[in-house]
Structures are given as C-alpha cells and as structure tokens.
Amino acid sequence: MKKKKINVAVTGLNAIDSPGPGVPVIRALRDSKLFDVRIIGLSYESLEPGIYMHDIVDKTYQIPLPTAGKATLLERLKYINSIEKIDIIIPNFDAELFNFIKLADTLKKELKIKTFLPTLEQFEERHKSNLPEFGKKHKIKVPYSKLIFNVKDIPSLRSEFTYPVVVKGKFYDASIAYSPEQVATYFNKISAKWGLPVIIQQFVHGQEVNVTAIGDGKGNTIGAVPMRKQYITDKGKAWSGISIDDKKLMSMTQKLIKSTKWRGGMELEIIKDSEGDYYLLEINPRFPAWVYLAVGCGQNHPEALVQMALGENVKPFKKYDIGKLFVRYSWDMIVELEEFEKISTLGEL
Amino acid sequence: MSSKKLQYERPVIQKLNVGLMNKFGTRTEYTPLTHIDGNSVRDLLGKFGSPLFVISERTLRRTFREANRAFKTRYPKVQFAWSYKTNYMNAVCNAFHQEGSWAEVVSGFEYEKALNNGVPGNKIIFNGPDKTEAELKAAIANNSMIHIDHLDELYLIKELAMESNKKPRVAIRVNMDTGVYPMWDRFGFNYENGQAWDAINKIMLNDKMELVGLHAHIGTFMLTPSAYGMAASKLSHLALEIKKKYKKSVQYIDMGGGFASKNTLKGSYLQGIDASPTFDQFAESICTSILNAGFTDTDLPLLILETGRALIDEAGYLLGTVVSNKRLSDGRRATILDFGVNILFTSFWYDHKISPAQEFSQYTEDAVLYGPLCMNIDVIRENITLPPLKRDDHVVVHSVGAYNMTQWMQFIALRPAIVMIDKDGNSHIIRKRETLDSIEKDEVLPKYLKDFKL
Amino acid sequence: MKLKKNLALSDSGFVFDPSTGDSFSTNPIGLEIIRMLKEGKNANDIKSQIVKTYMTDDASFEKDFYDFVNMLTKHNLVEGEKEKN
C-alpha cells in the first residue's frame, strides 16, 4: 500500500533530561505504515535537541512563547504555513495547549490545518485545583484535597487530614509535609512562586502507575497502555518503565474516557494503595514523553491521532504487549555553530 | 545632489541567552500603532499636547452593543447601568446613556453628576457604604434605587421614610461565597450566615419601604464566569423565598460588575486578551442560572448589570512621548516617558500593552519604562520588549479607559487633556489640559503669607 | 578602543566570541559599527561615516555610539583595558 504524504508540525523538541514528548511522537509517526510524514518542528528555544536531529525533524521554526498570546502565535503559524503547507499540528506542552485549543477553529478554517485536541472544557476541568470536582463528576476516586488561601487555614487541616499531606502549587510543584509547620513552610514557598490557592492533598501510600491513552472525543478509548516506572531520575521522571497487565486500571481508564468524552492524547497518573484502590492524581492533556513505549507494545497512538485529525475512522486497539520495557538514554550530538546561528538569528533551520 | 539617506536606528546588541524569550513571531507585540480611528497619533499629540488620553467612541459603542447582545439574546429583560466610578467624564457617561444605560453611582458627588447629565432619578442606582442623610433624602425624593449596605443605613432610611410621603425603593446588597478568593464580605449582608435574610425580613415587615431588588457584586477583574452563575443562583433563590414567604415579587436582580477586561494582570501567564472570558461566557453563566432557578414567566426579574471596566477599558488610549533613554547599572535599558503612575494608575496592577507609534525594523531591546516623576515607584512597565526608541518618539498605551480618568492624581505634574474621537473620526476635546489656575483656584492664601523677601 | 580580534561576524547580525563561547545578535547599524571598529577606525571616522549614510546628526549618534560601546565593553567584547579618552 502506498503511504499517504502529509506534513505534520510538532512541538516539544526538548529531548533533554526532563524531556518533552515531541521527539517520541515524531518517532512514532516515522514508524507509521499509513503515512509518509514530513516533520516541521516548532521550537521555543534555540537549544532544543530536536532542532538539530535532522533524521527526525525535517525543518524547524521558532515560535513565540505562550505568554505572547494567541494572536502572535497565529501570525507566526500563518507565516510557517505559507512555506510548509502544514496538514496537522500536534502540540505537546501543557502550557501551550490553551492557545492552540482556542486557535483550533481558526487554524482549520483559515489555514486548513487540522488538530485533534481536547475541548477547552475538558482541558479546564482536569486542572489540578479542580480535581475533587472532577472526581465527583466522573465518579473516579481522587485523594481528598482542599484549597487553602491563607496560613490561618493550616491548623484546622488536622480535622480533615491525617499527616503526611501533599502540598501542591496551582500549576507545578509538590512537597510532602509531615506536620502543620512543614505545611506552612511549603505554603509560603509555593504560594510565592505559583500564587494562590495552594492545594492540600491527602498523601496516598502505594504504587504509582501511569497510562498513556487516546480518546476519539465520543467516549471511545482508541488505545491505552499502562506502565509502571521502574527507575526514576532525580527529577521524578521515568528513566525506565515496563508495560503491565492491569485490568482494573484499564477499565478505570476506559470509564474516564467514556465519561469525559476525552478527545486526543492523554496521560493518567494514578496511585494504587495497599487495598488495591486506585486514586487519580493527575491528568496530563497530551501524550507523555514515554508514548513510544505504546508503539513498542503494538499501539501507535500518534498515528491514530493523525488519522482522527484527518477525519478517518479508527478502530480501537484491542491488545498490547505486556512486559515490554523502555530504557531512556542520552546522546551527545555534535552541532556546527552555523546551525545554532541560523536558528537563533533567523528563527529557522 | 546628495543621494537619499537611510532611516537611522539606534545600534543595539543583545546576548543570545539560552532560555530567553525568542523574538520570532512576537512582532505583533510591538507592531506600531500609528493611527487611532483614522487620526494620526503624531497629529493628535501635536494638536492637544503630550501626554494625551484618547477615547474611541466607535470602540465604546461597539463594546457596549456586543455586551448588550450577549445578554439580550439569552434573557428577556436586561438593563445596563453605567458605573460612574469607572469613568465619569460626562461625554463617556452620556455616550452610554445614549446607548440606553441607566446610571450606577457610589457617592453624592456621582449622584449629582448623573442628575446633571439628565438621568431621571428613578433610573439611578445608588450604591456604596457611605450615603449621607441629605443624599438619602434626595434619593428618596427622586425615587432612585437605594442599595443598602449595612444595618445602620437600613435604620436611617426607615426613619427618613417616616418623615417622607414617598416610599423609598430599596434593594439590599448581598455578599456570598462563590468559590472565588478573596470573598468580598465587607460590603452588604452575608448570604450564608443569614444576615441577608435578616435584612430582608426587616424591610418586608416595615411597610414604609419597598424592596425592589437584590444586588450582588462578587469581586473585581473576575476571570471565572461560573462564579457569577453561582451568585445569580443564590440571588434567585432569595427572590423565590421572598415570594414564598411574603407573596411579593422582587422586581430586579442586579449582578453588579467586575467582568475582567482584556488587560493582562501582572504575573499572569496568559495574555489578558486570551484569558479573559467573553461577554457571551458571562451572559451564559448568569442567564442560565436565573432561567433555571424556577421563576414563573411573569415573575422573571429584570436583570441589571453594572459592568464598567469591560465596557470602557478597550476604548481608552494614553498617548505619550519619550523623554530620554538611559542605561541602568546592570546594563538594562531604561526609557523615560512623559507620563507616569500619577495618570496611569492601572500600571500598578496591569502589564499594559504599549506600542510604538512609528515604524521600526524588527530589532528590539528589553527595557524598563519609567514615568517622569521624581519617585522610585514611578514604573510603567518593569520589563518590556520594544524597538530602540529615541527621544521624541511616541508610544501608545492600550486599554486604559477604566479607572485611570477617575483615579488619576494631580501630583507633581498637571493632568493631560482627554479627547474623544467620534464615529466619523472627528476629535473632540472632552476635558481640557489642567493649568496652574485649575489647581490654584480653590486655594486660599491668608493675607499675611502673601509677601516675603528672599 | 579595540575589539577582540577573533570575533566572528555574519551578515545576519550574529556575533560570536570564540574566546568565551558567547553569541550575540545585533541590528544592521550595530553590525556596521562593529565592522568599522574591527578595521581599526576611530570614533570620529565612524561618526562621520554613519552621519553621511543615515538620517541622524552628530549629537544624537554620539550618544548612541557611546552607549553601544559601553554595551560592547559590558559584553566583554573589547580587548584589554578600556580606552582612555
């Protein structure tokens, strides 16, 4: 069968020690039996490794940071599209998704660029600070949590929580506190950095498991592969992981996708306690950096996403290989100064 | 004949820092704004002096109609009331009155202003915690809607009602938990702890006052439409309970103001223009809540909105001129402008969008923008990327229509003129540049201090 | 005032300092000035050249020029001691 030629733009080329999902997503697309892809990399910084990996990325353009707003992003994408004729964009960063979701209609109508993203509602309701409501609405267990706005609220936590608790920032950061004094310390640190409110979450003892999944937006799970981290870096990122057989986890994933009608890629962070109960810790609204493990297990999620973005019907994957591992490694490329010069001064390479 | 010389630009060099914001595609941030509704910035400043506030009447009316449409397509009875404190230039107020807005005032001064503008007394909403006895008497006589903030005021109105042949038309301001922080519980009566009911009972059991409405104003620069939905539900619930208990329908529900404008709050990750909800989102949340609350068709209350900021912010511009450039000790570029925080009060909480008013190449520099005051706090933008501006270049600050022309201070310098550009592009001066006389005319100098020798 | 001899310049305005590994970006006028400095031209030569080519005057350019030179010094692109006026 002849492969279909398409141009796909991908962000998240930062294949560094705490990697973005761009490079693994591209590798998945390069493995596709359906598509012959030309990859347009979209980068924020001039040292994202993907920019210089010419067998992975065909051409890279710098794009403005999400803080510049969606109008600025649209201008830049118009320019890139005038040269590259992009068919599909796959954004891979949480922070940029808001702008891309808001632009999705315009991209489709004005530039004929397709995306396959969660809706704004799905994106918003899964925010960390909304997790308790999210759990209630979709009947999923989440660790008990409470938002606090003031140090004054800390002493009364004792009536609702048992220590330790996790103190979390609105966007990032999490620390485990064993006493009200520690909560106060983290509260001050985290609120200074990420603002209010600060989230106090019941600490759940157990084993963390992750799922990479993709939904069709109608409630069907197109694919899902669960993984347990085997070894983590000092930043808490998976260094190595293994695909596992866990029916309960799979049915929880399917239930969640059915209930939210999730559209696009996602990663679930879940904790399994000693009683065998599963608690949802977080939903990441995009593929994880370890999504290539799914390809290795027989489910090419990025390929399925491209098919759905093109409006094709995709049959759900029925099985995946159990006991496959991924082991992440690093690699020093040699880069000529001219290449760095081009991407930094012209914004293209 | 010498050949034509090239456009000059100040030489700049910047280190390529890894992790720094890249400049590609960010050009829209500093796209020059050379004209406002067909008027060149240079000509406006030449004619009216620098700095200068400019109000686009076209934007003002367009924004109002957008908001009006968002609510009227979702709810049968909608009334806007112009929030005077947001911008009480008479030209601005009257433009809103021409669009059909009532007046919403929070002081005797604003109340008088609204009457002078020709707003009928029964179309003025009188809010705020401090209304004097004389002001309340006038409001009762004029049939204005008096929104009661505290019990002392309630008792005072009760007393005044005994002496008057008119029945004061009152509403109570209700504060409540809508899941947002901070909760504005300093104004009005609390919903959750029963204060609101207590106040309602006191009014209903006294036949000298008429309870015409319920009012809430949940916060300022609100980015969550759902909080309004919750407030609308709670007010609706109160209205339905009143109907049940006293067989009396409340005429209106006043949702106050607080809708965010398109400005970017300091520290916000996203641009205001992307993060701020649209009128449609606010309207959807509020109207759905009232429609679903359980009113019968005939009992459906009038929905009043006191939106200020979101209606006028975008229509206002501040035009100014570069005074000087200097280099700070850490190597940062500092540009001094001829307007400061004394007239651009909102620069304390927004990262205002600021555009150059003339063409530049794509080269830029990171800079800090200072005002002209001899005060360390006079900072307009702590960090901004702009083309290399030079002395006498012009800049335009966007979205300054709300609160600046009312909160500005006559401090160190005199306040600038305000110009309104009408829908045909003609400019009208609506407030003259201050002179020494405008400040000194109310001063009184004791005779013995008149003379001195130096 | 002397610029470091081994500075690498390209038409795109990219400036690379091989001795430190730092890279910079400059606008066309900045590039023109750096090139003249490299050729050993002094402040007066540069000023008359720029004022001849561009719409500016002696006083305005002088101010900008010294600011620019300060930045070059700050970025460590100048050889040895600072020039004594």
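Just so we're on the same page: letters track the sequence lines, and every chain starts at 1. Computed from a predicted structure; not experimentally measured. Computation of the quantities below employed the complete heavy-atom set of this structure, encompassing side-chain atoms and omitting hydrogens, waters and symmetry-equivalent molecules.
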Does atom CZ of Arg27(A) have more than 12 heavy-atom neighbours, drawn from other residues, nucleotides or ligands, at distances under 6.0 Å? no

Who in residues 4-22 of chain C is close to chain A, using a strict under-4.5 Å heavy-atom cut-off? Ser10(C), Ser12(C), Phe14(C), Phe16(C)

Exceeds 12 heavy-atom contacts within 6.0 angstrom, atom CD of Glu39(C): yes

In terms of heavy-atom contacts, does NZ of Lys237(A) have more than 12 from other residues, nucleotides or ligands at under 6.0 Å? no

Do other residues, nucleotides or ligands put more than 12 heavy atoms under 6.0 Å from the NZ atom of Lys85(A)? yes

